[in-house]
Amino acid sequence: MLMIRRCECCAALLGCRAAACSCCGGRELSRVPVCGRGAIVACTVVTDPSGLTGPLCAIAIVELDEGPWIYAWVEGITAGPVGPLRVRLLRDDRGADYPHFVCCAA
Ligand SMILES: [Zn+2]
């Protein structure tokens, strides 16, 4: 389950890696679960320089349904408009989970 941060002073919802509240500057942050859906605000698509294959992946700013924006990898990007996304949590080499989104239609 994707977890984000919530400010204990003003209840603002913040990105997964926030260290302080962007609204009040508070540093007392708790972790709260979110539904794991969102939409792309902006993205950069990584392509094969040889041009032999289609887009490889994309790094994007995703606006979660709950409001905060987070950076995440997105799979299934095509040339057309991108619909709603849902999260999958993947684990890196150090055992930390990170968000990876896929298009809901995929
Ligand atoms: Zn706050």
Side-chain angles (χ1 to χ4, degrees):
M1 179 172 287
L2 180 62
M3 304 291 282
I4 62 171
R5 302 287 174 105
R6 178 180 177 275
C7 177
E8 291 300 312
C9 292
C10 73
L13 296 176
L14 309 162
C16 313
R17 299 178 190 262
C21 178
S22 56
C23 295
C24 73
R27 292 192 170 274
E28 190 175 335
L29 307 179
S30 59
R31 298 173 68 88
V32 295
V34 290
C35 71
R37 288 190 303 266
I40 288 180
V41 174
C43 75
T44 297
V45 176
V46 179
T47 57
D48 177 359
S50 72
L52 298 175
T53 62
L56 300 176
C57 60
I59 182 77
I61 299 171
V62 175
E63 180 178 23
L64 299 174
D65 283 3
E66 291 81 2
W69 291 11
I70 65 170
Y71 289 96
W73 291 102
V74 178
E75 132 188 349
I77 296 288
T78 61
V82 177
L85 307 172
R86 69 175 186 277
V87 75
R88 286 185 192 156
L89 290 177
L90 300 180
R91 187 151 293 168
D92 67 19
D93 295 344
R94 294 171 294 179
D97 290 337
Y98 65 94
H100 180 99
F101 283 83
V102 295
C103 296
C104 287

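Whatever order the structure lists ligands and atoms in, that order sets their numbers, starting from 1. The structure presented is a predicted model; accordingly, all values stated were derived computationally and were not measured.
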The single option from V62, V102, D65 that satisfies side-chain contact (heavy atoms from CB on, under 4.5 Å) with L85 is V62
Grouping ILVMFWY residues whenever side-chain heavy atoms fall under 4.5 Å, the cluster of L29 otherwise contains L14
Salt bridge (Lys or Arg N to Asp or Glu O under 4.0 Å) filter on R94, not counting sequence neighbours, yields D92
Contacts of R91 meeting salt bridge (Lys or Arg N to Asp or Glu O under 4.0 Å) (sequence neighbours excluded), chain-then-number -> D97
Listed as residue and atom, the protein N/O/S atoms under 2.8 Å from the Zn ion (ligand 1) are C7 SG, C10 SG, C21 SG, C24 SG
Heavy-atom nearest pair, P99 first then A72, reads O-CB, 3.8 Å
**Study point:** Whether E75 side chain and F101 backbone form a donor-acceptor pair below 3.5 Å
**Key:** no
